[in-house]
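The chains referred to below are lettered A, B, ... by the order of the sequence lines, with proteins before strands, and numbering in each begins at 1.
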Amino acid sequence: MSYHEKVYDITRQIPVGKFSTYGSIADYLHLGSARMVGWALKQIDFMDDSIPAHRVLNSKGELSGRNAFPTPETMQVRLEMEGIKVKNWKVVDYDGCYWHPQELDEL
DNA sequence: ACTATGACTCGAG
DNA sequence: CCTCGAGCCATAG
């Protein structure tokens, strides 16, 4: 299983109304670099739109990948539809919506 | 083999 | 809030 698939696998498991970050995913999968997560995610839009890539943000809760979507607003609109408030390209309630893949092991 | 480029991150100023 | 530098590593040319 390539690391892209692992990234997609984790991304698909992010709960609705929550978001995760490149760093936490890279850390959970032991990729050694958050850049790899971002790289893997940008490959998605043209191969599988069932992956909620909009729920993966940078360490500050900012929508750094908005430009890779059809329109920059797509990412924010999807997040707000799921209940995550976004202001000036960043999550308002960071601590309240943050989700770490580590929680998969605690179930 | 080498360089440049990221949906990145963290600390310092 | 913003800028820099360093560390990161798969991919593209």
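No option in A:D93, A:V91, A:L57 other than A:V91 meets the side-chain contact (heavy atoms from CB on, under 4.5 Å) test with A:I84.
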Run the side chain to side chain contact (heavy atoms under 4.5 Å, CB included) check on A:H54 and A:F19 step by step: do they pass?
CA-CA 8 Å; A:H54 58 280; A:F19 73 88; over 6 Å; no

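Between A:L63 atom CG and B:dA7 atom P the separation is 14 Å, expressed in whole Å. Rounding to whole angstrom units, CD1 of residue A:I25 and C1' of B:dA7 are separated by 11 Å. In this structure, the CG atom of A:N58 is 12 Å from the C1' atom of B:dC10, given to the nearest Å. If you take NZ of A:K60 and P of B:dA7, they are 15 Å apart, rounded to a whole angstrom. Here the P atom of nucleotide B:dA7 and the CH2 atom of A:W39 are 12 Å apart, to the nearest Å. Note: CH2 (A:W89) to P (B:dA7) measures 15 Å, nearest angstrom.
Cluster annotation: A:V56 is not connected to A:V86 through the hydrophobic network of ILVMFWY side chains, with a link wherever side-chain heavy atoms come within less than 4.5 Å. Placement of A:W99 and A:M75 in two distinct hydrophobic clusters is found when ILVMFWY residues are connected by side-chain heavy-atom separations under 4.5 Å, directly or transitively. A:L29 is connected to A:I51 through a chain of hydrophobic side-chain contacts under 4.5 Å among Ile, Leu, Val, Met, Phe, Trp and Tyr, so both are in one cluster.
For A:W39, the ring-ring contact (aromatic ring centres under 6.0 Å, His included) partners are A:H4, not counting sequence neighbours.
For the segment residues 94-105 of chain A, the set of residues with a heavy atom within less than 4.0 Å of an atom of DNA chain B is empty.
Remark: A:R66 does not engage A:E73 in a salt bridge, criterion side-chain N to carboxylate O under 4.0 Å.
In terms of modelled atom types and a separation under 3.5 Å, the side chain of A:Y8 and the main chain of A:A40 share a donor-acceptor contact. With hydrogens and angles ignored, the 3.5 Å screen pairs no side-chain donor or acceptor of A:Q76 with any backbone N or O of A:P72.
Contact footprint of chain A on DNA chain C: nucleotides with an atom under 4.0 Å from a non-hydrogen protein atom, first to last in 5' to 3' order, C:dC1 to C:dT11.
The nearest heavy atom of DNA chain B to A:M36 and to A:G23 marks one nucleotide each, and the one closer to the 5' end goes with A:M36. Residue order along DNA chain C, read from the 5' end via each residue's closest nucleotide, puts A:G32 first among A:H4 and A:G32.
If you check every strand for non-hydrogen atoms under 4.0 Å, A:H54 touches nothing. Residue contacts shown for A:A26 are absent, as no nucleic acid heavy atom lies under 4.0 Å away. Contact annotation for A:Y3: backbone-only contact, meaning every heavy-atom pair under 4.0 Å involves sugar-phosphate atoms and none involves a base.
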